[in-house]
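Hydrogens, waters and symmetry mates are skipped; everything else that's a heavy atom, side chains included, is used. Convention: sequence-line order gives letters A, B, ...; per-chain numbering from 1.
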Amino acid sequence: MASMEVPAGGRASTPAAARVVAKPTYITWLTLAFMTTASVASLRSAPTMAVYGLTCVFLYIVPAIVFLLPQALVAAELASGWTGGVFRWVSEGLSPRWGLLAVWCQFAMTIFYYPTLLGFVASTLAYIFNPDLADNGVYTGIVIVTVFWLGVFMSARGGTGGIARLASSGLLVGTLIPGALLVILGVIYLLQGNASAAPMDADHLVPKWTGIASLVLIVNNFLSYSGMEMNAVHVGSLRNPKAEFPKAMFFAMGLVLLIFILPALAISWVIPADQLSLTAGVMQAFDGFFAYFNLQKLVPIVAVALVCASLGGMLTWLAGPSKGLLQIARREGYLPPFFQQQNEHEVAVHILVVQGAVTTVIALLYALVPSVSSAYWILSVMTTQVYLIVYLLMFVAAVNLRSRQPNVERGYTAPALKLLCVVGFLASAAAVLIGFVPPSQFENGSDAAYIGLILAGTVLLGLLPPWLFLRFRKASWKSADAEVSS
Amino acid sequence: MTATAASSSTPSTGAHDHRFLYWACGVVAVALAIIGLITYSGQKQSEEATAKAQELTQAFQKAGLAVPQDLSIITRSLGTDGGAVCDNPASALGRAALFQELYNGAAFVGRRPVIADTNVLKGELLILQTYCPEKVQQYRDKTQNLKTDDTIGN
């Protein structure tokens, strides 16, 4: 089993004598599976996909075949052979420089993601307390900044074990229980003899082909499964990673599919697509759903549950990519010593704090400057483009590792790995290309300008920072005690 | 991953930290739920709410859109004033919220905008026309340039 020595205080950090490292916390494979599920799936998307009725099954299953399956199986093989997550796989399979690019892309895109996630948290809470607050920039800004820093604090104090338990609890309370409730109520609705609001016959399984709009819808849904590999960075917290990580991955894969598909279907049975009002956010759909059963008292409970699930997921995203970035920074000396600091829970506190400062500024702009909030969707496109770079690199690295390091013991060997990687790579590349097609929100302007904007954003966010780190790094930044061996 | 170089271990402190975090999170979640239960009243059913719901249903049928089998879904969720749908549908953050919903099926970092179905916005417009007509123009101004298509096809 691979092991990683915890530094006792390198050049960049506090003296060895002063360092106190908490006893390592092991997590079970089931907890890791819950963490993985919490990072990827929640009920937030259920109303959005409910508008497609039975077609949502197609919209989730096809991406599951071409993107989720390759991603999960490849990650299962890599994590059962190498600890450290995506930075380690790409470093070993391509080179440490590509490893830096991969983990940077995984980390950087989250900075722009948190404001929208927490903006959703703010509007969901406002829905039950005072809907007018949802349009109040000051309220939204305060919620985003407060909750984000609480998340940073919890990540720093909780370590992998604490985060794992909180994320698992968030999944259970915020997604699994309310999701099961939605499905049970949906089934009751049908058993009462009501006809489904959305047609449930075979003719409505495949989306209507309307050209590029359909392609955008189908291919962009590949990204629904983004993040399945992210928690592999915690594989070292399993007692038997080689056997347990694949198990966690397969279990998470099943859960994610169930969470995405069944609640969306249940909503589509009860509420016609055209009535799933979107201005008021997803809570309006849950409100309408529970209204039929005269159970609107459950609306605030579900709202709090959605918030718990969102925060549980956020915690995993705070803990995962920053840990990967810290590991490569210490191992290869790619980041200045300041960023290599970790606390007794092995959490990259300085990275988290700097990330928090940047996120705070972006979040306040999002909440308080109307032109920023209206145009924020463009950042979603850029960040997903940046994240897809991680997958492109991961699939190439997996093929290389199979041929170059065949003797590394793997707890799980993915069947037809090359085919999986080719399919996964092509799916990721297709999603990159589709990212250049202007969506609904792009109201005016030329397509060429849009393409240029997305391209520039992708380069600025994903490629430029790692290039600058490599360009200006110093030999002294390398932490001698951060050794990773397999 | 094993902490081989640890100079000293503090499992009890760590466990204490964790217990505090779990309890704090649990207490906050329960408190929010209780406050929500007290403050959230939903929409009351009344003759006026039923009349509005019938008006909306007719508007949906006229536009060729699907309507729910049970009118109470509309009365209890939209009431007499449209509920949250009519709360500043075209404000800056309201617009951002709408834009955030015209997305793919991802729940976390994979969220990305798509080309939305025309009827989704049309249904919204009919709700506004019925419950808060004074906000229709504002909503139209903010959404009329959105590019949509017939992606649902049902």
Side-chain angles (χ1 to χ4, degrees), chain A residues 3-6 8 19-24 41-42 44-45 49 53 113 128-129 131 135 154 157-158 162 194 199 204 208 210 213 216-217 220-221 223-224 226-227 236 272 274-275 277-281 284 287-288 291-292 296 300-301 304 308 313 370 373-374 377 380 384 439-441 443, chain B residues 1-6 8-11 14 17-18 21 29 32-33 36-37 39-40 42 65-66 68-70 73 76-77 84-85 87-89 91-99 101-102 104-116 119 123-124 145-147 149-151 153-154:
Chain A
S3 69
M4 181 179 167
E5 289 189 344
V6 173
R19 175 165 292 281
V20 176
V21 178
K23 196 176 176 181
S42 84
R44 183 184 178 183
S45 55
M49 293 307 283
Y113 170 66
I128 51 171
F129 299 134
D135 298 302
M154 287 197 273
R157 297 310 305 163
N194 297 305
H204 294 88
K208 184 180 176 184
T210 52
V216 167
L217 180 66
N220 273 344
N221 242 33
L223 286 154
S224 301
S226 299
D274 319 311
Q275 294 209 355
S277 170
L278 298 170
T279 301
Q284 184 66 31
D287 202 335
Y292 171 77
Q296 277 175 293
I301 307 281
V304 174
C308 289
S373 51
S374 290
W377 61 269
S380 308
T384 45
S440 286
Q441 291 85 340
E443 296 163 300
Chain B
M1 195 185 324
T2 40
T4 55
S8 66
S9 296
T10 56
D17 274 1
H18 290 182
L21 283 179
L32 286 174
L37 282 170
T39 57
Y40 183 78
L65 304 180
Q69 287 192 336
D70 191 333
I73 292 179
R76 292 201 193 108
S77 62
V85 181
D87 282 324
N88 301 315
S91 68
L93 282 173
R95 190 164 183 251
L98 171 65
F99 281 10
E101 297 312 318
L102 306 178
N104 62 355
F108 281 97
V109 295
R111 288 179 62 76
R112 183 189 257 193
V114 296
I115 297 171
N119 281 351
E124 181 104 22
N145 291 326
L146 292 180
K147 186 173 65 177
D149 209 326
D150 182 19
T151 53
N154 286 336

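Of the possible donor and acceptor atoms, one in the side chain of A:Ser440 sits under 3.5 Å from a partner among the backbone N and O of B:Ala116. Not one N or O on the side chain of B:Asp149 forms a donor-acceptor pair closer than 3.5 Å with the backbone of A:Ala213.
The structure places CG of B:Leu102 at 5.0 Å from CD of A:Gln441, a figure rounded to the nearest 0.5 Å. Separating the OG atom in A:Ser380 from the CG atom in B:Asn104 is a distance of 9.5 Å, to the nearest 0.5 Å. To the nearest 0.5 angstrom, B:Ile73 atom CD1 is 11.0 Å from A:Asp287 atom CG. Atoms OG1 and CD1, on A:Thr210 and B:Ile115 in that order, are 8.0 Å from each other to the nearest 0.5 Å. Summarising the geometry, atom CD belonging to A:Gln284 is positioned 11.5 Å from atom CD belonging to B:Glu101; distances are rounded to the nearest 0.5 Å. Taken from CD1 in A:Ile301 to CG in B:Leu37, the straight-line distance is 4.0 Å, to the nearest 0.5 Å.
Of all heavy-atom pairs between B:Phe99 and A:Ser374, the closest is CD2-O, 3.4 Å. When every heavy atom of A:Asn220 is checked against every heavy atom of B:Val114, the shortest pair comes out as ND2-CG1, 3.9 Å. Contact record, A:Ser45 with B:Ala107: OG-CB, 4.1 Å, taken as the closest heavy-atom pair.
Contact count against chain A (heavy-atom pairs under 4.5 Å) is highest for B:Gly105 among B:Ala106, B:Gly123, B:Gly110, B:Gly105. Contact count against chain A (heavy-atom pairs under 4.5 Å) is highest for B:Arg112 among B:Arg112, B:Arg111, B:Lys147.
In this structure, the side chains of A:Gln296 and B:Tyr40 come closer than 4.5 Å at one or more pairs of heavy atoms. Side-chain contact check for A:Ser42 versus B:Phe108: some heavy-atom pair is nearer than 4.5 Å.
By the side chain to side chain contact (heavy atoms under 4.5 Å, CB included) test, B:Asn145 is found to be paired with A:Glu443, A:Asn444, residues two or more places apart in sequence or in another chain being considered. Legend: residues meeting ring-ring contact (aromatic ring centres under 6.0 Å, His included) with A:Tyr292, ordered by chain and number and at least two apart, are A:Tyr189.
Proximity to chain B is limited to the side chain of A:Met49, based on heavy atoms less than 4.5 angstrom apart. Contacts of B:Asn119 with chain A are made by both backbone and side-chain atoms, with heavy-atom separations under 4.5 Å.
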